[in-house]
There are 2 protein chains.
Amino acid sequence: MAYSIGEVSNMLNISVSTLRYYDKEGLLPLINRTSGNIRVFDETDIECLKMIECLKTTGMQLKDIKLFFGWCEEGDSTINKRYELFLEQKEKTEKQISLLQDALDRINYKCEYYRIAKERGTTNDPGLKEELAMKFLSQNK
Amino acid sequence: MAYSIGEVSNMLNISVSTLRYYDKEGLLPLINRTSGNIRVFDETDIECLKMIECLKTTGMQLKDIKLFFGWCEEGDSTINKRYELFLEQKEKTEKQISLLQDALDRINYKCEYYRIAKERGTTNDPGLKEELAMKFLSQNK
DNA sequence: GGTTGACCTAAAGTTAGGTTAAGGTTGTAT
DNA sequence: ATACAACCTTAACCTAACTTTAGGTCAACC
């Protein structure tokens, strides 16, 4: 299957200018062109873009994503590098999720705090923190 | 308790220049100064900074964090705004965690993929994807 | 009293990851 | 054959969140 840049943009929800930017930065080295110089994306390019999105979600920089695709093209001699890259990214992602979970705990506390403050019309109510302490025993603020 | 900017920097692992930048941007409106114009942080400022870190972790921009602190200073009339801000941030954070979890699933697949490819010395082994399919039944790539 | 390290400001510089603008080409429907 | 949307390139611009630089002050010890 072949897709135009506009079709890919709609399918993956990535702007056309971003797709061209990725191409310019060398993240999509395999893209074909028509005789009229127009980009033609195929399934492989779509898979690449999905991987870019995945790695970007986990906080990897474009230059490192580019490095990874470079290794893929170099072939089997880089398997170990690629393996270690994913092991490292797994660690980082687990750490990020854990940080976000901690932040979510604090936010949930604040949601309860302001829900009760809203009921009472004030944050100055002396019983507010004590009441919350009963619900969130493991937290101190 | 009173702390210097350097002490706070060490305690919270935020660089001195970043602390001054936050102050300049109006995120720490309550900070005291000595007669010699030197910043003196107290427990309240530390709590503010921890909240800034928390909200930043969840992707909130500094200008919005500043808005929130502004509401805190305005008093009880803004309780509902603050409540809704945290409800919204809770949604966003849950969505982020879910996206990261999806990315982690793909990364775990790749870890297994490259672990086996490493064992075999090639990614071209015909049985590789089939073997992985047995482990990751719910995924298609 | 002088050196040293931590503090101060204002302003300029940096980085990543794009977006926008200007000017031109392609391809397709009428 | 002409209009028009969708494509192309290069280069400049943008934003957030810092960091760096330059030049100066403060406080404590020797």
Side-chain angles (χ1 to χ4, degrees), chain A residues 2-42 45-46 48-69 89 92 96 99 103, chain B residues 2-42 45-46 48-69 89 92 96 99 103:
Chain A
Y3 309 95
S4 73
I5 198 169
E7 286 168 338
V8 174
S9 170
N10 284 326
M11 284 164 58
L12 302 184
N13 219 23
I14 303 173
S15 82
V16 167
S17 61
T18 299
L19 289 170
R20 287 203 269 252
Y21 170 69
Y22 287 171
D23 188 16
K24 198 183 80 185
E25 293 298 302
L27 274 87
L28 301 168
L30 304 168
I31 282 194
N32 289 313
R33 303 271 186 145
T34 65
S35 58
N37 201 33
I38 286 177
R39 290 177 187 84
V40 180
F41 294 74
D42 64 16
D45 302 316
I46 306 288
C48 270
L49 283 165
K50 284 184 184 168
M51 183 52 72
I52 290 172
E53 288 295 282
C54 168
L55 293 174
K56 236 164 44 85
T57 299
T58 69
M60 193 182 283
Q61 292 189 356
L62 294 186
K63 65 177 179 195
D64 294 320
I65 297 175
K66 180 181 174 177
L67 213 55
F68 164 66
F69 285 128
Q89 209 57 25
K92 286 185 181 168
Q96 270 185 82
L99 280 174
Chain B
Y3 308 96
S4 73
I5 198 168
E7 286 168 338
V8 174
S9 171
N10 284 326
M11 283 165 58
L12 302 184
N13 219 24
I14 303 172
S15 82
V16 168
S17 62
T18 300
L19 289 170
R20 287 203 270 252
Y21 169 69
Y22 287 170
D23 189 18
K24 199 182 81 186
E25 292 298 301
L27 275 87
L28 301 168
L30 304 168
I31 280 193
N32 290 312
R33 303 270 187 144
T34 64
S35 57
N37 200 33
I38 286 177
R39 291 177 186 83
V40 180
F41 294 73
D42 64 17
D45 301 315
I46 306 289
C48 271
L49 283 165
K50 284 183 183 168
M51 183 54 71
I52 291 171
E53 288 296 281
C54 168
L55 293 173
K56 238 165 42 87
T57 299
T58 69
M60 192 181 285
Q61 293 188 358
L62 293 186
K63 64 176 180 196
D64 294 321
I65 296 174
K66 180 181 173 176
L67 213 55
F68 164 67
F69 284 128
Q89 208 58 25
K92 286 184 181 169
Q96 270 185 82
L99 281 174

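The analysis underlying the following values was restricted to heavy atoms, covering all of them including side chains, and did not include hydrogens, waters or symmetry mates. Residue numbers begin at 1 in each chain, while the letters A, B, ... track the order of the sequences.
Atom OH in A/Tyr21 sits roughly 19 Å away from atom C1' in D/dC8 (whole-Å rounding). Between the CD1 atom of A/Ile5 and the P atom of C/dT19 there is a distance of 12 Å, rounded to whole Å. Rounded to a whole Å, the CD1 atom of B/Ile65 is 13 Å from the P atom of D/dA16. The CG-P distance, from A/Asp64 to C/dT15, rounds to 15 Å in whole Å. As a whole-Å value, the separation of A/Glu25 CD from C/dG17 P is 9 Å. The distance from atom CG of A/Asn32 to atom P of D/dC7 is 17 Å, rounded to the nearest whole Å. Between the CD atom of A/Glu7 and the C1' atom of C/dG27 there is a distance of 14 Å, rounded to whole Å.
Listed for the B/Asp45 side chain is a donor-acceptor partner under 3.5 Å among the backbone atoms of B/Asp42.
Listed nucleotides: C/dC8, D/dC7, D/dA16. Nearest to the side chain of B/Ile38: C/dC8.
Rounding to the nearest 0.5 Å places SG of A/Cys54 at 12.5 Å from CG of A/Leu49.
Residues passing the side-chain hydrogen bond (donor to acceptor under 3.5 Å, both in side chains) test with B/Lys50, sequence neighbours excluded: none. Residues passing the side-chain hydrogen bond (donor to acceptor under 3.5 Å, both in side chains) test with A/Ser4: none are found, sequence neighbours excluded.
Side-chain contact between A/Leu12 and A/Glu53: absent, with no pair of heavy atoms (C-beta onward) separated by less than 4.5 Å. B/Val40 places a side-chain heavy atom less than 4.5 Å from the side chain of B/Thr34. Contact of the B/Phe69 side chain with the B/Ile52 side chain is registered, since non-hydrogen atoms from C-beta on lie closer than 4.5 Å. Contact check for A/Thr58 versus A/Gln96: side-chain heavy atoms found under the 4.5 Å cut-off. Inter-residue side-chain proximity for B/Met51 and B/Ile65 is flagged as unmet; no heavy-atom pair is nearer than 4.5 Å. Contact check for A/Phe68 versus A/Met60: no side-chain heavy atoms found under the 4.5 Å cut-off.
Within 4.0 Å (heavy atoms only), B/Thr34 reaches no atom of the nucleic acid at all.
Only B/Ser15, B/Ser17, B/Thr18, listed by number, bring a heavy atom of residues 9-19 of chain B to less than 4.0 angstrom from any atom of DNA chain D. Interface residues of residues 51-61 of chain B facing DNA chain D, ordered by number: B/Lys56, B/Gln61; criterion, heavy-atom separation under 4.0 Å.
Side-chain nitrogen and oxygen atoms of B/Ser4 include none within less than 4.0 Å of the OP1 or OP2 phosphate oxygen of C/dA6. Phosphate proximity of D/dC18 to B/Tyr22: present, with a side-chain N or O under 4.0 Å from OP1 or OP2.
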Which atom pairs, one a donor and one an acceptor, fall under 3.5 Å between side chains of residues 19-26 of chain B and the rest of the protein, sequence neighbours left out?
| residue | atom | partner | partner atom | Å |
| --- | --- | --- | --- | --- |
| B/Asp23 | OD2 | B/Arg33 | NH2 | 3.4 |
| B/Asp23 | OD2 | B/Arg39 | NE | 2.6 |
| B/Asp23 | OD2 | B/Arg39 | NH2 | 3.4 |

Interface polar pairs with nucleotides 9-12 of chain D, N/O, under 3.5 angstrom:
| residue | atom | partner | partner atom | Å |
| --- | --- | --- | --- | --- |
| D/dT9 | OP1 | A/Arg33 | NH1 | 3.1 |
| D/dT9 | OP1 | A/Arg33 | NH2 | 3.1 |
| D/dT9 | OP2 | A/Arg39 | NH1 | 3.4 |
| D/dT9 | OP2 | A/Arg39 | NH2 | 2.8 |

